[in-house]
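Remarks on the structure that follows.
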Amino acid sequence: VNGAQFRGCNIKYCDSSKGFGIYSTNGSPEDGVLLVVPLDLAITPMRVLQDPLIGAECRAMFEEGEVDDRFLMILFLIVERLRKNSSWKPYLDMLPTTFGNPVWFTDDELLELRGTTLYRATELRKKDLMSVYEDKVKELVKKLLVLDGDSERANSIFWSRALNLPLPHSYVFPQIQEDVGTTCPVDKNSEGSTSHSYSEEPINEIDGKRFEAHGNDSKVKGVTSTTKQEETVWVEGLLPGIDFCNHDLKAVATWEVDGTGSITQIPLSMYLISGSLLLPPMFALIKSVILESPLPVDKEVSISYGNKGNEPPVPFDIPCLTSSWLLLFASILHIYGKLNMAGSISELLYLYGFVVDNNPDDYLMIHYPGEAIQNISFSDFKGQLLVAQKAAMRCLLPKNLLDHGFFPTGSSNCKANNTSEADDRICNFSWSGHRKTPSYLSKLVFPEDFMTALRTIAMKDEEVSKVSAMLEELVGSEGERQPSETEIRTAVWEACGDSGALQLLVDLLQKKMMDLEESSGTEDSDSELLENACIIGNAEQQTSKEANNLVQQKLMSRNRWCSIVYRRGQKELTRLFLKEAEHALQLSLSEGN
């Protein structure tokens with residue numbers, strides 16, 4: 001009714017773990033375009049701000065900075081689900097009512113995550129959801145509808161389905177349109193069509209910049225940014241239809257945007273295209289062969305959600321410090337975007353409710369606890385050095401880094417991403433010739449920004465004095481100039497070397513392993529549980545005969561299975577990176593670094 005076209009697929013129910021998905025049908029089109037959805041159907045912050053029912057209230061909160069763009073869309077989902085005769089009802093009725101992310105875990109299932117980053121992240125998220133619901137959502141929705149409460153479901157729907165949508169500038173800032181009214185192709189007189197009536201007040205362009213999405217993974221075909229009105233703006237939102245695609249590491253399709261209608265004959269639309277059409281021109285011959293073999297009938301059409309690990313994106317936990325320390329470390333963490341990471345890395349279990357066993361894109365997060373800084377010697381001076389060096393207090397260690405370390409775990413197509421860091425450090429040797437280039441530098445897998453922080457924190461009293469003296473030589477007695485970031489890093493290296501930082505890193509990794517194993521045992525015990533596991537759905541029932549056949553197996557819910565897979569992966573990565581750190585420490589000590 002709203003202009004979407006199913007050209008080679010349909011939406012059907014998969015199973016209890018996936019919900020609905022998109023499946024190929026017979027007669028797949030030659031151009032590979034399976035589904036086309038007009039961008040007018042996108043649920044975006046702009047739509048919410050212009051909604052005739054809730055737009056005014058949301059605009060007031062948004063302009064005051066009380067809420068962000070994601071809150072607006074979550075609130076919209078709550079209101080539309082509760083609103084009688086909502087034009088969105090057919091779409092909303094197909095969305096899941098339960099989810100696999102940890103917010104929905106039972107208390108027993110959540111205990112399986114104790115000691116992991118995800119456990120702490122989930123606890124914080126649940127408290128945050130309750131706070132937002134009580135402080136903002138509840139009273140606002142009471143003004144509009146009879147409230148039965150649905151914030152957790154709306155939150156999970158948004159986080160598990162949102163995309164970065166490339167929209168025309170005129171969609172984001174409609175006040176600059178020359179023509180009055182909208183030009184969407186939707187039949188507004190149709191009883192089932194989605195309403196596009198907006199409030200009269202236009203979106204302020206400055207406010208609009210606040211909900212632009214940063215970064216993108218898809219190209220916009222047929223769109224050229226020759227004028228401001230034709231400029232493409234990336235905005236987070238939901239697009240009904242496309243959002244039913246499930247994730248697979250071996251995706252068979254991807255989505256793109258058709259700006260002019262040259263591909264789909266529907267201008268300003270998003271379309272789903274089968275993966276066989278995505279080969280580069282150099283593979284034209286292979287491409288023509290593949291086209292002769294379209295997708296099998298009733299095959300699920302999956303897309304890739306990106307290179308995502310099982311570890312969650314979590315806000316960096318800033319402890320209660322004295323006011324001066326809070327300001328100092330807020331500045332350190334803010335420089336590197338550590339105050340709010342939600343959205344920087346949308347990871348699988350935390351956001352989407354599933355895990356990938358042996359995930360090649362998994363990673364480990366290590367951080368130095370902020371509350372410990374104020375208890376070390378020369379804490380004020382070291383804090384100032386951390387800020388001046390733009391040091392990172394936490395680091396993400398992707399699994400593929402291990403392919404470039406002392407003990408490679410497998411082959412990787414990506415080149416070592418620490419090469420440039422190694423080159424930078426080589427250029428900094430040496431202040432006085434005392435420190436020589438370490439032999440292990442090219443094999444050190446730990447980010448230099450994090451190593452810089454650890455060197456500074458681990459400095460002994462006499463090393464602090466050396467650094468202070470060297471920097472005083474640079475600035476002069478009258479403080480004629482300030483030392484650069486590179487000069488400070490070089491001075492710290494000259495005074496400390498790597499051994500103190502690497503010892504601290506070993507301690508952090510050992511502590512992480514202790515936390516992981518304290519409640520759930522070793523990596524081997526997790527492997528044994530998974531080998532003997534029989535996964536059951538939340539609502540599935542086993543017959544007595546089936547139960548007798550599973551005497552040697554352990555029944556467990558999918559949520560518990562996901563938890564064990566996730567924590568085993570974290571234990572494995574901790575073990576492997578600890579081995580790297582211990583070996584680097586031995587080499588640094590033997591070389592006098």
Side-chain angles (χ1 to χ4, degrees), residues 2 38-92 95 132-133 135-151 153-155 157-158 161-163 165 167-177 179-190 192-213 229 233-240 268:
N2 289 282
L39 289 176
D40 284 307
L41 298 185
I43 299 174
T44 63
M46 301 82 73
R47 176 182 291 279
V48 181
L49 293 179
Q50 295 178 306
D51 185 84
L53 180 62
I54 66 174
E57 292 282 352
C58 288
R59 181 185 295 276
M61 291 190 297
F62 189 68
E63 290 177 348
E64 290 295 325
E66 297 178 12
V67 300
D68 61 12
D69 53 322
R70 290 163 174 164
F71 173 87
L72 296 179
M73 288 180 279
I74 292 171
L75 179 65
F76 181 85
L77 291 171
I78 295 174
V79 171
E80 288 299 325
R81 182 172 179 270
L82 298 176
R83 183 187 290 176
K84 293 181 179 179
N85 301 320
S86 168
S87 58
W88 295 92
K89 179 175 172 55
Y91 167 64
L92 296 175
L95 301 183
V132 171
Y133 176 75
D135 295 344
K136 295 184 175 72
V137 176
K138 190 173 182 179
E139 291 303 318
L140 177 58
V141 180
K142 273 184 178 179
K143 295 179 183 179
L144 309 172
L145 302 166
V146 177
L147 180 67
D148 66 0
D150 204 25
S151 62
R153 178 173 184 256
N155 173 76
I157 285 174
F158 170 78
R161 309 181 81 85
L163 297 169
L165 304 175
L167 300 179
H169 190 277
S170 59
Y171 273 51
V172 183
F173 313 114
Q175 80 274 16
I176 68 170
Q177 286 182 289
D179 299 328
V180 178
T182 61
T183 58
C184 63
V186 180
D187 179 8
K188 295 180 183 177
N189 295 322
S190 171
S193 68
T194 300
S195 172
H196 288 263
S197 58
Y198 298 134
S199 62
E200 295 181 359
E201 186 176 1
I203 296 175
N204 179 278
E205 183 160 354
I206 296 176
D207 283 339
K209 290 294 182 184
R210 290 168 54 193
F211 47 70
E212 284 188 33
Q229 291 195 26
V233 181
W234 290 82
V235 176
E236 211 165 15
L238 280 70
L239 193 65
L268 299 174

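We number each residue from 1, following the sequence as shown. All figures in this text were calculated on a predicted structure; none of them were measured in a lab.
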Within a strict 4.5 Å, meaning less than it, do heavy atoms of the Ile43 and Arg161 side chains meet?
no

Hey, could you give me the CD1/CG distance between Ile54 and Leu72, rounded to the nearest 0.5 Å?
8.0 Å

If I take atom CG from residue Asn85 and atom NZ from residue Lys89, how far apart are they, to the nearest 0.5 angstrom?
9.0 Å

Interatomic distance, Leu239 atom CG to Leu163 atom CG [nearest 0.5 angstrom]
7.0 Å

4.5 Å side-chain heavy-atom contact, Arg83 and Trp88
no

Contact between Val79 and Leu53 at the side-chain level, heavy atoms closer than 4.5 Å - yes or no?
yes

Rounded to the nearest 0.5 Å, how far does CZ of Arg59 lie from CD of Glu64?
13.0 Å

Looking at Leu41 and Pro240, what are the two nearest heavy atoms and their distance?
O-CD, 3.3 Å

Gap separating the CG atom of Asp51 from the CZ atom of Phe76, nearest 0.5 angstrom
5.5 Å

Kindly indicate whether the side chain of Pro38, heavy atoms from C-beta on, has any atom under 4.5 Å from the side chain of Asn2.
no

Pick out which of Leu92, Ile74, Ile78, Leu238 makes a side chain to side chain contact (heavy atoms under 4.5 Å, CB included) with Ile157.
Leu238

Would you check if the side chain of Arg47 reaches a backbone N or O of Asp40 as a donor-acceptor pair within less than 3.5 Å?
yes

Minimum heavy-atom distance between Ala154 and Leu77, given as atom pair plus value:
O-CD1, 3.8 Å

Considering all heavy atoms of both residues, which atom of Phe71 and which atom of Val132 are nearest to each other, and what is their separation?
CE1-CG1, 3.5 Å

Looking only at non-hydrogen atoms, find the nearest pair between Val235 and Pro45 and report the distance.
CG1-CD, 3.8 Å

Give, for atom CD of Glu236 and atom CG of Leu165, the distance between the pair rounded to the nearest 0.5 Å.
8.5 Å

